[in-house]
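Note on naming: letters A, B, ... go to the chains in the order of the sequence lines (proteins, then strands), and numbering restarts at 1 for each one.
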There are 2 protein chains.
Amino acid sequence: MKNRLRVLRAENRWSQADLAEKLGVSRQAVNAIETGKHDPSLTLAFALAETFGQSIEEIFCPKEQNN
Amino acid sequence: MKNRLRVLRAENRWSQADLAEKLGVSRQAVNAIETGKHDPSLTLAFALAETFGQSIEEIFCPKEQNN
DNA sequence: TTAATATGTAATGTTAGCCTTACATTATGT
DNA sequence: ACATAATGTAAGGCTAACATTACATATTAA
């Protein structure tokens, strides 16, 4: 699933490790989500939404959107 | 995580099996989510949101909300 | 350039979210 | 009352989403 994490993280000037710490997950988990290897759990998606002050729908895009 | 699935399903007069079929998951998966045994995957949460025409945030409540 | 930081990824393990099958119980309708 | 539909749950299996540790490769800063 596509997401805007890299951009949101850049806007806040947070490293993957910074974000991981805020979320209480491993840096590898953040990396895997950002690079599209995993989808986050719903709980983690909520945590990301709260961290960035945006809705889950604003951060994640479930549709295959062929570009 | 708390959710409003039972109510939303009742409003639409759908059985768990009906909803499961619309979502493309098993009836047991719907039951487990409804009864709080599992959280849905983010993908399934998006599908539920679309099915009920509501946002994920309107359907699910991640906070422990004591009562 | 060198050192520090950031990112990507691999290996291995655990758990949670799905599956199927099956059965018990509860609710609904005739 | 009886048959059907709906719900709850259990067992057993599979995979994805986490974890930890470790290492390689950027990237940044002094």
A.B. asks: Using nucleotides 20-22 of chain C, report all nitrogen or oxygen pairs with the protein that are shorter than 3.5 Å.
C.D. replies:
unit_1	atom_1	unit_2	atom_2	d
dT21(C)	O4	Q28(B)	NE2	2.9
dA22(C)	N6	Q28(B)	NE2	2.8

A.B. asks: Using a cut-off of strictly less than 4.0 Å, decide whether R6(A) has a side-chain nitrogen or oxygen near OP1 or OP2 of dA6(C).
C.D. replies: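 Checking R6(A) against dA6(C): no side-chain N or O falls below 4.0 Å of OP1 or OP2.
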A.B. asks: Please name the pair of heavy atoms, one in N3(A) and one in I33(A), separated by the smallest distance, quoted to 0.1 Å.
C.D. replies: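 Heavy atoms of N3(A) and I33(A) come nearest at ND2-O, 3.1 Å.
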A.B. asks: With rounding to the nearest 0.5 angstrom, report the CD1 to CZ distance, I59(A) to R4(A).
C.D. replies: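 Going from the CD1 atom of I59(A) to the CZ atom of R4(A) covers 7.5 Å.
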A.B. asks: Are the charged groups of E34(A) and R9(A) less than 4.0 angstrom apart, N to O?
C.D. replies: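 Yes, charged N to carboxylate O under 4.0 Å.
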A.B. asks: Check the phosphate of dG17(C) against K37(B), side-chain N and O only, distance under 4.0 Å to OP1 or OP2. Yes or no?
C.D. replies: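 No, no such contact exists.
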A.B. asks: With nearest nucleotide decided by heavy atoms, which residue, H38(B) or T35(A), maps closer to the 5′ end of DNA chain C?
C.D. replies: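 Residue closer to the 5' terminus by nearest nucleotide: T35(A).
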A.B. asks: Should S41(B) be listed as having a side-chain N or O under 4.0 Å from OP1 or OP2 of dC18(C)?
C.D. replies: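 Looking at the OP1 and OP2 atoms of dC18(C), one of them is under 4.0 Å from a side-chain N or O of S41(B).
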A.B. asks: For side chain to side chain contact (heavy atoms under 4.5 Å, CB included), just list the numbers for F46(A) and E57(B), CA-CA rounded to whole Å, side-chain angles, deciding distance to a tenth of an Å, and then say yes or no.
C.D. replies: CA-CA 8 Å; F46(A) 266 107; E57(B) 287 83 355; 3.9 Å; yes
A.B. asks: Taking only side-chain nitrogens and oxygens of N31(B), does any of them come within less than 4.0 Å of OP1 or OP2 of dT7(D)?
C.D. replies: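 Answer is no, no contact under 4.0 Å.
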A.B. asks: Is K22(A) salt-bridged to E50(A), going by a charged N under 4.0 Å from an acidic O?
C.D. replies: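 Answer for the salt bridge query: no.
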A.B. asks: Would you kindly compare V30(A) and R9(B) by the position of their nearest DNA chain D nucleotide and give the one closer to the 5′ end?
C.D. replies: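 Its nucleotide being nearer the 5' end, the pick is R9(B).
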